[in-house]
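We're numbering straight along the sequence, starting at 1.
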Amino acid sequence: MPIGTMITADTVAHLSGQNRVKAIHPLKVNDRIKAVVILCTIGGENYPNEWLDDKMNLLKYYLEGRTDKVTGLKKYNENIVTIKAIIESGIGAYPIYVFTRNKKGIPFKFEGEFLYNGISTDENGIDKYFELRRDVSVTTSEIEKEEYYFETTKEGRRVLRQHFARERDSRIIQAAKDRYMNKNGTLKCEACDFDFYKTYGERGQGYIEGHHNIPVSELEEDGGETSIDDIALVCSNCHKMIHRYRPWLSVGDLKAIIKR
């Protein structure tokens with residue numbers, strides 16, 4: 001993979017099997033770690049990670065910690081799987097691939113292969129961070145030759161996940177579809193004009209996806225008003241491209257890309 005290649009958290013999560021919000025992703029083949037991918041946001045109050053030198057060869061990357069409910073101080077457990085994966089790479093067992101970005105909501109850029117250089121404690125005497133040193137012995141051409149793939153993997157294990165979700169009302173989507181159908185006689189993607197019925201016959205009859213022009217995630221916590229005019233009708237491909245990463249595109253923006 002060439003240095004500078006852009007990648008999303010979704011892509012890395014697909015390879016590692018971890019949640020996309022995780023920052024450290026051990027990549028395994030047959031239960032053995034073959035590499036570790038680090039997704040690092042640099043800069044800002046919430047992301048104190050930083051380069052320790054001008055040539056960006058030494059990275060300060062903070063450990064995942066848990067805040068003690070009694071003392072309010074962070075505790076670190078070096079036996080956590082992700083932290084342990086970085087530490088154990090230090091014996092040269094497998095590479096660490098670092099991807100960075102400078103703000104939340106955009107893709108990560110591949111910085112190259114790094115080596116574990118130890119754990120240090122911050123000036124406050126509490127927070128801990130990894131020192132990760134660029135492996136200058138690995139050239140870009142060698143990295144490009146690296147190929148990471150799965151021959152087999154294990155899937156299907158039942159897991160329980162709990163999280164908050166935003167309520168949606170499918171009736172507003174149906175109302176938007178009905179209005180469009182009455183006006184145009186068929187359902188087409190408002191970005192690329194794809195027609196599910198024309199392509200798939202009866203199986204595609206009446207199918208189209210509804211995109212909220214005002215993201216549900218940006219409404220008040222107790223909910224907000226959504227009108228038919230707030231809904232755009234798009235095909236699955238266009239809907240995915242709109243939401244692939246932030247900042248999200250408008251339907252008009254995507255339509256312009258398609259026309260180009």
Side-chain angles (χ1 to χ4, degrees), residues 5-22 25 39 41 99 101 103-109 149-150 153-260:
T5 297
M6 306 300 287
I7 199 169
T8 66
D10 287 328
T11 301
V12 177
H14 178 71
L15 285 173
S16 69
Q18 289 200 132
N19 192 304
R20 66 182 300 279
V21 302
K22 289 289 186 180
H25 293 257
L39 302 178
T41 303
F99 294 78
R101 64 182 180 183
K103 63 179 180 179
K104 188 177 180 181
I106 63 174
F108 295 85
K109 181 180 74 172
Y149 64 94
F150 286 105
T153 188
K154 186 176 181 180
E155 297 181 307
R157 185 169 63 90
R158 294 182 65 190
V159 296
L160 174 64
R161 291 194 175 99
Q162 293 179 304
H163 60 88
F164 287 103
R166 291 277 190 166
E167 284 187 333
R168 297 171 185 267
D169 191 339
S170 61
R171 293 175 299 177
I172 197 69
I173 304 293
Q174 187 59 52
K177 289 167 64 175
D178 290 343
R179 185 177 72 172
Y180 190 97
M181 190 73 172
N182 291 334
K183 181 179 179 180
N184 300 285
T186 187
L187 292 174
K188 287 185 178 182
C189 174
E190 294 182 42
C192 73
D193 291 330
F194 184 83
D195 186 325
F196 281 91
Y197 178 64
K198 184 177 180 179
T199 302
Y200 300 111
E202 292 299 323
R203 192 174 189 85
Q205 176 68 44
Y207 184 78
I208 198 80
E209 295 188 7
H211 165 69
H212 288 72
N213 292 319
I214 301 174
V216 174
S217 60
E218 294 181 7
L219 299 177
E220 298 291 334
E221 283 194 15
D222 59 351
E225 296 291 331
T226 298
S227 72
I228 295 179
D229 293 329
D230 295 326
I231 303 298
L233 302 180
V234 292
C235 70
S236 310
N237 278 354
C238 287
H239 206 181
K240 190 68 175 179
M241 288 298 100
I242 287 171
H243 288 287
R244 190 174 181 203
Y245 52 78
R246 292 179 184 271
W248 292 335
L249 297 175
S250 69
V251 174
D253 291 336
L254 187 62
K255 193 169 186 175
I257 290 173
I258 294 169
K259 284 185 176 182
R260 286 202 301 270

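- With Asn184 contributing its side chain and Thr186 its backbone, the two residues share no donor-acceptor pair below 3.5 Å.
- Judged by distance alone, the side chain of Lys177 and the main-chain N or O of Leu187 form no donor-acceptor pair under 3.5 Å.
- Checked by atom type and distance alone, the side chain of Arg20 never pairs as donor or acceptor with a backbone atom of Ala13 at under 3.5 Å.
- Side-chain contact check for Ile173 versus His212: some heavy-atom pair is nearer than 4.5 Å.
- Between the side chain of Asp230 and the backbone N or O of Ser227, at least one donor-acceptor pair lies under 3.5 Å.
- Here Leu249 contributes atom CG and Lys255 contributes atom NZ; the two are 14.5 Å apart, rounded to the nearest 0.5 Å.
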*Quick one: do Phe108 and Phe99 satisfy ring pair (Phe, Tyr, Trp, His ring centres under 6.0 Å)? Show the steps, please.*
CA-CA 5 Å; Phe108 295 85; Phe99 294 78; 7.6 Å; no

*Taking it one step at a time, do Asn237 and Cys189 satisfy side-chain contact (heavy atoms from CB on, under 4.5 Å)?*
CA-CA 10 Å; Asn237 278 354; Cys189 174; over 6 Å; no

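- Atom OH of Tyr200 has 12 or fewer neighbouring heavy atoms from other residues, nucleotides or ligands inside a 6.0 Å radius.
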*asked:* Go through it in stages, so that I can follow the logic: the residues are Asp193 and Lys198, the test is salt bridge (charged side-chain N to carboxylate O under 4.0 Å, His left out), and I'd like the CA-CA distance, side-chain angles, deciding distance and then a yes or no.
replied: CA-CA 11 Å; Asp193 291 330; Lys198 184 177 180 179; over 6 Å; no

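- Expressed to the nearest 0.5 Å, how far CZ of Phe196 lies from OG of Ser236 amounts to 4.0 Å.
- Once rounded to the nearest 0.5 Å, the distance linking CD1 of Ile258 with CG of Leu254 reads 4.0 Å.
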*Does the pair Ile231 and Thr226 meet the rule for a side-chain contact (heavy atoms from CB on, under 4.5 Å), with working shown?*
CA-CA 8 Å; Ile231 303 298; Thr226 298; 4.0 Å; yes

